[in-house]
Asks: 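There's a structure below that I have some questions on.
We number each residue from 1, following the sequence as shown.
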Amino acid sequence: MTNQIPQQASIYNNFKWSWDPKAKFFFEKQNALVWEQVNHNPITFLETLSIPETSIEFESLPELARNWEKGNVAYVCMEYGIHESFPNYSGGLGVLAGDHLKAASDLSLPLTAFGMLYKHGYFCQIINENNKQIAEPTHFDPNALPMKLVLKDGEPHIFSIPFFDRSLFFQVWKMDVGSVPIYLFDTDIAQNLPEDRGITDSLYGGDHLHRLKQEILLGFGTVSVSKELGLKFDTYHLNEGHASFTTLALWDDEIKKGLSKAEAENKVKNSVVFTTHTMVPAGHDVFGKDQIANGLSKFILESSLNFDDIYSKGVYDLGYGNGFNMTVLGLNFARVANGVSKVNVKALHNMWGNFLETHNLSLIPITNGIHPQTFLSEGIYSLLKKYTDFSKTNDLREASPWDASKIPDNELWETHCLEKINLIKNNKTRIRAHLGKKVNLKNFIINGTLIDPTILTIGFARRFATYKRATLIFHDEERILDLLTNPEKPVQVIFSGKPHPRDEEGKKFLKKILDYASNPSFQGRVAFIADYDMGVARKLISGVDVWLNTPRVPREASGTSGMKAAINGVLNASTFDGWWPEAYNGKNGWVIGKYDPSLPPEEQDIRDVESFYHIMEKEIIPTFYTRDKNGIPVKWVNMMKESIKTVGPHFNSHRMVMEYSKLYFPR
Ligand SMILES: *Cc1c(COP(=O)(O)O)cnc(C)c1O
């Protein structure tokens, strides 16, 4: 099974256009308003404007192909962020999975992905007149995306798995991301009980039992689809505990082929690579004994495994929530496991130390990376192409394609200023496309209509998980107000992000920010872009000056949005967590606060925010507003170059996937 890289990818049958440097900018340039109105769906866009597909220019990138003769990899994940037109992700985990597939395609790695097709995706965020979030189901039509149902004799191929006391049926959508296929499971078919049709209704929706059902489908479905379609894998990369049930299906399969329980267990162990992404307990699913007994009852009846065989693989007391832990299950079957940054692996070793020791397992750090062609802005990409060998090299892990020191100061600054204007323009088009006649003045200001391209601009956008502390900078209201509304050296902050609909604390954070944004004394210097997605992310990470990241140390496993900002010359100001300690060199951004594990969290918050105010006043604001006779902030521009140069070669998904390939194909 070798995957073929499509010569000329069509937007109708391949997501390749979402990172092809020319094709991805085509739509907005044709008609920015319609592009917003169709929610960045390229197929609907071309049909709305009757534009023939042949008018899209593609720009083929140099071949990155390597020789892989070592076997096939299955990649299993609950969410995928490929492009905003396909709302099948909630945040960093999904976008990382998407970037993994894109890099695997660039490197022609023989990888096949498995996941779910959520009918209503992840929710769509609307802000009401009381500054509260309304979570609406998203609507998208698989037929208006590059994906097709897997057929058998001309009809949808129906697959099934043992599920509670019955069978669960599902159809499968196949989608191509360059040379990498993804198979997506969909239970909304007539063969199922009405309640089972809704299992793939939405990502991270519903209750705990609903999550269990989804995870049973993801794990057992992966093995069932592979078998039926004759796909053979040497390695299964389970990306996060959500995918861990795959191991049980594989275990049973090997026993059915004639191995003993122990032999089969070893065989599976030899094929599993497991990645854990979070330090936050709520990020690990733990199910009750009854839930597991019920959910797997038909499977147990039909297999030679008994309940105790299975249950023992998921129990280990970590001090939070007893029960069947999906991360424990994954680790129990892992030949090798990894965390997603050096800091994260250290923190995980503290948390899992005993477990890892008794299982003779150590966690390898593979720091996350981002897919450069997806996240470079058009302006910065053009400069790298013009002044470095970005478009000539086939290895983005090298220093030369990222050598921004070759770019003249004035060109880099002008390009950055244009990206900033582009962000502001795009935001206005977005407001025009979505608000219709429902505008009131307050919302208009919240949405950022007073944002000014000449002012120092800070961006903060990500999921509103509470440990990320979106509201930290407002800790001292007077002080932040003074900073933002200083007449000579003003500052503005653009926020975006969604709290999970059941996260009451996160929703309070959001309301607080919206209240500041609509408070006249803040003079429109705080703005909020609703319904954060990959499209908003791409504009923000290239169109602000500073990327603010304030997770409570050591909670951030890696973080990736800061990498996206850095390669676009947007400077990071971040607590010393996740990926940042590996990238910071004193010249490419700023560190907020100093972690002291002996302090209670509230005290740590105060120290961190004091440090933020101090860095703003003493470094960020003066550096930004100190200009030479041509109006260029020379020191700032040098920091931008340093940021691109130091972050580009290492924190990209090609380097990341090459590191994973060593786990996939050990010598
Ligand atoms: C990159 C990205 C993230 C991850 O952001 P963090 O700051 O690492 O949490 C989340 N959502 C979207 C849409 C992204 O593009």
Asks: Side chains of S561 and R462: is there a donor and an acceptor less than 3.5 Å apart?
Replies: yes
Asks: Would you confirm whether the ring centroid of Y75 sits within less than 6.0 angstrom of the ring centroid of F114?
Replies: no
Asks: Under the criterion salt bridge (charged side-chain N to carboxylate O under 4.0 Å, His left out), I'd like the reasoning laid out for D285 against R211: C-alpha separation, chi angles, the key distance, then a yes or no.
Replies: CA-CA 9 Å; D285 289 310; R211 180 71 65 84; 3.2 Å; yes
Asks: Any side-chain to backbone donor/acceptor pair from R463 onto G91? Under 3.5 Å, distance only.
Replies: no
Asks: Parallel, tilted or perpendicular for H100 and H237, by the 30°/60° rule?
Replies: perpendicular
Asks: Check K508 with E504, please: is the shortest side-chain N to carboxylate O separation under 4.0 Å?
Replies: no
Asks: When you measure from the side chain of S105 to the backbone of V180, do you find a donor-acceptor pair of N or O atoms at a distance under 3.5 Å?
Replies: no
Asks: Among D605, D608, T466, which one satisfies side-chain hydrogen bond (donor to acceptor under 3.5 Å, both in side chains) with R552?
Replies: D605
Asks: So which of F299, F333, Y236 actually passes ring pair (Phe, Tyr, Trp, His ring centres under 6.0 Å) with W251?
Replies: F333
Asks: Report the C-alpha separation of K498 and D531 in whole Å, then their side-chain angles, then the decisive distance to 0.1 Å, and conclude whether the salt bridge (charged side-chain N to carboxylate O under 4.0 Å, His left out) test is met.
Replies: CA-CA 7 Å; K498 304 175 182 178; D531 203 31; 3.1 Å; yes
Asks: Check each of V95, V647, V570 against K564 using the side-chain contact (heavy atoms from CB on, under 4.5 Å) test, and report the only one that passes.
Replies: V95
Asks: Tell me whether the rings of Y584 and F576 are parallel (<30°), tilted (30 to 60°) or perpendicular (>60°).
Replies: perpendicular
